[in-house]
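What's counted below: heavy atoms across the whole structure, side chains too, no hydrogens, waters or symmetry copies.
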Amino acid sequence: MQITSTLRNRLLAAASVALLLVIAPPPARAASKEIIELQTQVQQLLDMTQRLQTTMDTRFAVMQHLAEQTADNANQMTAAVNALQQKLAAQSDTASGKLDAVSGQAQALNDSVDELKSRVAKLDKSIQDLQAQLQNTPSSSAAAAPAENGATPAGNSSAPSGNQAPPLQETLQAGIRDLNAAKYDVATGEFQDVIHYYPLDEMAGTAHFYLGEIAFRQQRYSDAVKSYNAVLEGFPGNAKAPAAQLRKGLALLQMNRKTAAITELRMLIKRHPQTPEAAQARIKLNGLGAKSTAQ
């Protein structure tokens, strides 16, 4: 561009000089033929200058158009790259969230399996204790008592035979009173008696829940989760099931298992959406920056 401009300037200068020469009065000795030739050359020079100017303008317009196209393409490419980066980041976040959710579910499943094994072991021990009690009970006395009284012994159908079984309702209520009085050791023994002697009764599920509450208050969060799982898995219809799931979620948070806790709270909302515990779960999820339902 600079060379073309310089050439054009030089041609214009030469044309101007030639024009001045033409306009200036010729010397007396100049022949008219030479003047005509000079005028012809000047005109040709002017024509060349005009054509050069036109060519330069055309090329400049083409170059300007190409520059604008290049700038537009660069902007489009930048926008496409930014959009791709945002999409990749969103996909990465989604994949990470799903991985965390699967990890939490796997951990929850492991906890459930551990709790199931514990329940099976406790049930096996209860059966062994029941067998021992039956063996230690005199068969003649057990058979004579109904014959003499004409009635079967009173008690819950899920309670084992034997005189050592404590009263179900009274034992559970005593455990609740001792729990409220912070007599955790005494309350633990009473709740364990309910579970031991009445393992299939709904009140055994309630006793599991209160054992979880004792463990939670003593900051034994892993034990608390196991007790809450005993309610959720063994007694899903128990009145304490929503509270057990809420407290399990809170215990998982205390164990720094945020993903598993969020999964548990969402499950509570799905299973018991109209309960006060579900309302508390929604508030907790909002505080954690998580939605009430999985995406």
- Query: Is Q192 close to L211 at the side-chain level, that is, under 4.5 Å between some pair of heavy atoms?
  - Reply: yes
- After noting the C-alpha distance and the side-chain angles of Q50 and L46, does the key distance pass the side chain to side chain contact (heavy atoms under 4.5 Å, CB included) rule? CA-CA 6 Å; Q50 184 64 36; L46 291 174; over 6 Å; no
- Message: Could you see if I214 belongs to whatever hydrophobic cluster contains I176? Use Ile, Leu, Val, Met, Phe, Trp, Tyr and a side-chain cutoff under 4.5 Å.
- Response: yes
- Message: To the nearest 0.5 Å, what is the distance between OG1 on T206 and CD on E202?
- Response: 7.0 Å
- Message: Taking atom CZ as the centre, does R217 end up with more than 12 heavy-atom neighbours from other residues, nucleotides or ligands that are less than 6.0 angstrom away?
- Response: yes
- Close side-chain approach of I269 to T293, heavy-atom, < 4.5 Å: no
- Under 3.5 Å, is there a donor-acceptor pair between the E213 and Y184 side chains? no
- How about Q44 and T40: do any of their side-chain heavy atoms sit closer than 4.5 Å? yes
- Does any N or O in the side chain of D178 come within less than 3.5 Å of the main-chain N or O of K183, such that one atom is a donor and the other an acceptor? no
- Item | Nearest-0.5 Å distance that lies between atom CD in Q39 and atom OG in S32 | 10.0 Å
- Query: So with a 6.0 Å cut-off around CG of N73, is the heavy-atom count from everything else above 12?
  - Reply: yes
- Message: Testing the basics here: between P242 and N238, what is the closest heavy-atom pair and its distance to 0.1 Å?
- Response: CD-O, 4.1 Å
- Where V194 and L172 come nearest, the two heavy atoms and their spacing: CG2-N, 3.9 Å
- Message: In the structure I gave you, are the side-chain heavy atoms of F235 and K240 within less than 4.5 Å of one another anywhere?
- Response: no
- Contact check, side chains of L285 and K291, non-hydrogen atoms, under 4.5 Å: no
- Message: Strictly distance-based, threshold 3.5 Å: is any side-chain N or O of Y228 a donor or acceptor partner for the main-chain N or O of G212?
- Response: yes
- Got a second to check how far M48's CE is from T55's OG1, nearest 0.5 Å? 11.0 Å
- Query: Do the side chains of T171 and Y198 get nearer than 4.5 Å, heavy atoms only?
  - Reply: no
- Item | Any side-chain heavy-atom pair of L288 and K258 under 4.5 Å | yes
- Measure the CZ-OH distance between F216 and Y210 for me, rounded to the nearest 0.5 Å. 15.5 Å
- Message: If I take atom CZ from residue R59 and atom CE from residue M56, how far apart are they, to the nearest 0.5 angstrom?
- Response: 9.5 Å
- Do L232 and L253 share a hydrophobic cluster, counting only Ile, Leu, Val, Met, Phe, Trp and Tyr and linking them when any side-chain heavy atoms are less than 4.5 Å apart? no
Please tabulate, for the side chains in residues 274-284, all donor-acceptor contacts under 3.5 angstrom to protein atoms that are two or more places apart in sequence or on a different chain.
{"residue": "T275", "atom": "OG1", "partner": "H272", "partner atom": "O", "Å": "2.8"}
{"residue": "T275", "atom": "OG1", "partner": "A278", "partner atom": "N", "Å": "3.2"}
{"residue": "R282", "atom": "NH2", "partner": "P273", "partner atom": "O", "Å": "3.2"}

- side chain to side chain contact (heavy atoms under 4.5 Å, CB included) evaluation trace for I36 with K33: CA-CA 5 Å; I36 293 172; K33 183 178 179 180; 5.8 Å; no
- Message: For a side chain to side chain contact (heavy atoms under 4.5 Å, CB included) check, start with the C-alpha distance between H208 and N229, then their side-chain angles and the critical distance, and finish with the verdict.
- Response: CA-CA 9 Å; H208 277 296; N229 278 336; over 6 Å; no
- Message: Looking only at side-chain N and O atoms, does D57 offer a donor or acceptor that is under 3.5 Å from a partner on Q53?
- Response: yes
- Note on the structure: Heavy atoms of V231 and G205 approach each other most closely as CG2-O, 3.3 Å
- Query: Is it the case that N82 and Q86 place a side-chain donor and acceptor less than 3.5 Å from each other?
  - Reply: no
- Would you mind reporting whether L250 and Y221 have side-chain heavy atoms less than 4.5 Å apart? no
- Which atom pair, heavy atoms only, marks the closest approach of A204 to P199? CB-O, 3.9 Å
- From R266 atom CZ to L268 atom CG, the distance as rounded to the nearest 0.5 Å: 13.0 Å
- E190 (side chain) donor-acceptor with G175 (main chain) under 3.5 angstrom: yes
